[in-house]
Amino acid sequence: MARVVFYEKPGCAGNARKKPLLVSSGHALGVRDHLAKSWTPERLRPFFGYRPVSDACRNEAPLLQRGRA
């Protein structure tokens with residue numbers, strides 16, 4: 001199958017559920033801690049292409065709901 005670079009927040013329950021599903025489907029994971037990287041708009045843009053920011057964000061994320069992101 002595919003080699004997937006999986007950016008995770010360590011300890012995230014959602015990531016803990018998704019990783020085994022990908023592996024059981026035959027994918028090889030290269031797991032990265034997304035909190036360890038200094039993200040800038042320029043670094044993020046290649047991941048999302050020309051989609052608007054609102055399409056790239058999870059609106060139910062706790063920091064967004066608290067107005068901190």
Side-chain angles (χ1 to χ4, degrees):
M1 290 283 173
R3 175 148 173 71
V4 176
V5 177
F6 190 94
Y7 286 91
E8 71 172 347
K9 179 175 81 176
C12 175
N15 291 161
R17 288 189 303 270
K18 293 170 190 153
K19 289 190 298 186
L21 291 172
L22 289 164
V23 171
S24 69
S25 296
H27 302 293
L29 299 184
V31 179
R32 309 280 193 280
D33 176 354
H34 81 82
L35 299 176
K37 201 161 193 85
S38 177
W39 295 103
T40 64
E42 295 76 26
R43 274 193 157 154
L44 288 168
R45 180 50 57 196
F47 290 94
F48 302 109
Y50 295 101
R51 290 184 294 184
V53 172
S54 60
D55 287 354
C57 293
R58 197 178 111 231
N59 292 325
E60 66 274 6
L63 289 178
L64 286 177
Q65 287 185 347
R66 287 185 237 140
R68 293 179 50 201

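- Connection of V31 to L22 is established within a shared hydrophobic cluster, with ILVMFWY side chains joined at heavy-atom distances below 4.5 Å, either directly or through further cluster members.
- Residues H27 and F6 fail the side-chain proximity criterion, which asks for heavy atoms closer than 4.5 Å.
- A pairwise comparison of heavy atoms in P20 and R17 identifies CD-O, 3.5 Å as the closest pair.
- When atom types are taken as modelled, the side chain of N15 and the backbone of K9 share a donor-acceptor pair closer than 3.5 angstrom.
- The minimum heavy-atom distance between R32 and V5, with the atom names listed, is CG-CG1, 3.8 Å.
- Atoms CD and CZ, on E42 and R45 in that order, are 10.0 Å from each other to the nearest 0.5 Å.
- To the nearest 0.5 angstrom, C12 atom SG is 6.5 Å from K18 atom NZ.
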